[in-house]
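Everything below concerns the one structure shown next.
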Protein chains: 2
Amino acid sequence: MRSTVENAQLALLLEVASTPKPGNVDRAREYPDLRFEHFLAGAVGAREGLAALADPDRPLGTAFERAVAGMSQQSGGNTQFGAVLLLAPLVRAVARGDSLPEGAGAVVEATTVDDAVAFYTAFDHVDVAVDEPPADAADLDVRLGSDAVPAIRDRGLTLADVLDVSAEGDGIAAEWVGEFARTVAAADAIESRDGPVTDRAASAYLDLLAAEVDTFVVTQHDRETAREVRDRAQAVTDGEEAVETFARDLVDRGINPGTTADLVAGGLFVALSRGLEV
Amino acid sequence: MRSTVENAQLALLLEVASTPKPGNVDRAREYPDLRFEHFLAGAVGAREGLAALADPDRPLGTAFERAVAGMSQQSGGNTQFGAVLLLAPLVRAVARGDSLPEGAGAVVEATTVDDAVAFYTAFDHVDVAVDEPPADAADLDVRLGSDAVPAIRDRGLTLADVLDVSAEGDGIAAEWVGEFARTVAAADAIESRDGPVTDRAASAYLDLLAAEVDTFVVTQHDRETAREVRDRAQAVTDGEEAVETFARDLVDRGINPGTTADLVAGGLFVALSRGLEV
């Protein structure tokens, strides 16, 4: 029986191994400066922090920050920030013996101002592509990293509060405040299929990509591009476009639906926790 | 800075990710029942045991057995038994701050009868393809697993003694009693090249395969097949055969030069310990 920590690390590895996952690094595709090996090293480095997330006596925020710091010990840059953020409450809930997704929702509810501070500090370790903050929240820009800590404390914001503000434009924050609905749907999709786990996860990825715009593509490009990606993912699942053509085009244009990949990592963890065999 | 344990786990992951590695599971090739995902799960499960190997206060043999037990928590069977056996003295030596390969040689010299007992017990966790033992050593057949323990204790054999007996027909045992010469050569080859680490490791694999017969191929098939594989690996490095043709043929015939892959895992660990960047 794998432990919760092992399932979390394995979820990160299975996610990046799943192919084809158009636009994202996978076993068959990589970018010159962001390679498969960087994701392997990211998952290796994240493990100590994942272990802290699985220890209910450790504050959630600092455990998350520890995972991000470890993940960042490789030269590819941000590999799994979003995936680790999504895993954080899921891992904590499973480690407590609570059921999903309710238990993870309770973890979110219980986050503190200190957790928000640690979350901001995690941005000191790695460059993460994010949206501009709303005009009335410039002092909460996550790109400030730990420089935003005084504003967080002044406003008395918990980590749940912080993510609630970003939920509209960030698919991972939306999971935190939306009962992990798409993460659980990904787990269901993975469990409902047969065959190698990495094939099942790749299919779940395409389904998720076809269902909603990827918020990371909106951030890095624009909403029109994200809609095009969504509609073409639907065409691929309908058999109207070849997945290889779609994948090649996204890599050529540097379009990287990273939020959807993060959701697959979360779905893999949920499925593994429920007993998915590898 | 990655820890020694992290370097060991990353070495297992980079090894299986390195492609093309003709005949072995890699990012691009797998067998229906022994897939890339099984190696990922094997590396995840091995970590606790690798941590025990990095703790000089833990007996080497039981730490190794722990790593094998964890590695075996997946449905593909034996994924990294040989690699973990090769890593064991290397990890212990680096964790002690000793230089390689001398420090690993000292670890080998210091093994005990209890270490040999734990080594045999490790075979209870997983089926490992091995040669018939010599006629005068039938009671030492590793396939007996822990049933061989009375004979080990009667004969007073240390783990170094046990591996010394197999060194002629087993490339990993040969490293244990031969100052890790090919492992260090693999590390040198990886360090001497440029580019993605997984490309460098794949080249090192071909060099090793061209230099000596793979003992796992001898065990699973015969010496003639192993020589053919060695000579064709040389032809590939000389540009006389396409690596893809060679790889496809080995997979079709179920020829799996697993010992050479294990040496690459060891070489990756040595290179990472010396500061190889990922």
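Each chain gets a letter, A, B and so on, in the order its sequence line appears, and its residues count up from 1. Because the structure is predicted, anything quoted here is derived from the model rather than measured.
- Contacts of B:Ala28 with chain A are absent, with no heavy-atom separation under 4.5 Å from either backbone or side chain.
- B:Glu277 touches chain A through its side chain: at least one heavy atom from C-beta onward sits under 4.5 Å away, while N, CA, C and O do not.
- Most heavy-atom pairs under 4.5 Å with chain A, from the set B:Gln9, B:His38, B:Gln74, B:Arg35: that is B:Gln9.
- Side chains of A:Val44 and B:Arg47 form a contact here, defined as non-hydrogen atoms less than 4.5 Å apart.
- Within a 6.0 Å radius of CZ in B:Arg29, more than 12 heavy atoms belonging to other residues, nucleotides or ligands are found.
- Contact check for A:Glu6 versus B:Gln73: no side-chain heavy atoms found under the 4.5 Å cut-off.
- Rounded to the nearest 0.5 angstrom, B:Leu13 CG and A:Phe39 CZ are separated by 14.0 Å.
- At most 12 non-hydrogen atoms from other residues, nucleotides or ligands lie less than 6.0 angstrom from CG of A:Asp127.
- A distance of 8.0 Å separates OG in B:Ser18 from CD in A:Glu37, rounded to the nearest 0.5 Å.
- Closest heavy-atom contact between A:Ala41 and B:Arg2: CB-NH1, 3.9 Å.
- In terms of the side-chain hydrogen bond (donor to acceptor under 3.5 Å, both in side chains) criterion, residue partners of B:Arg27 (sequence neighbours excluded) are, by chain and number, A:Glu30, B:Thr198.
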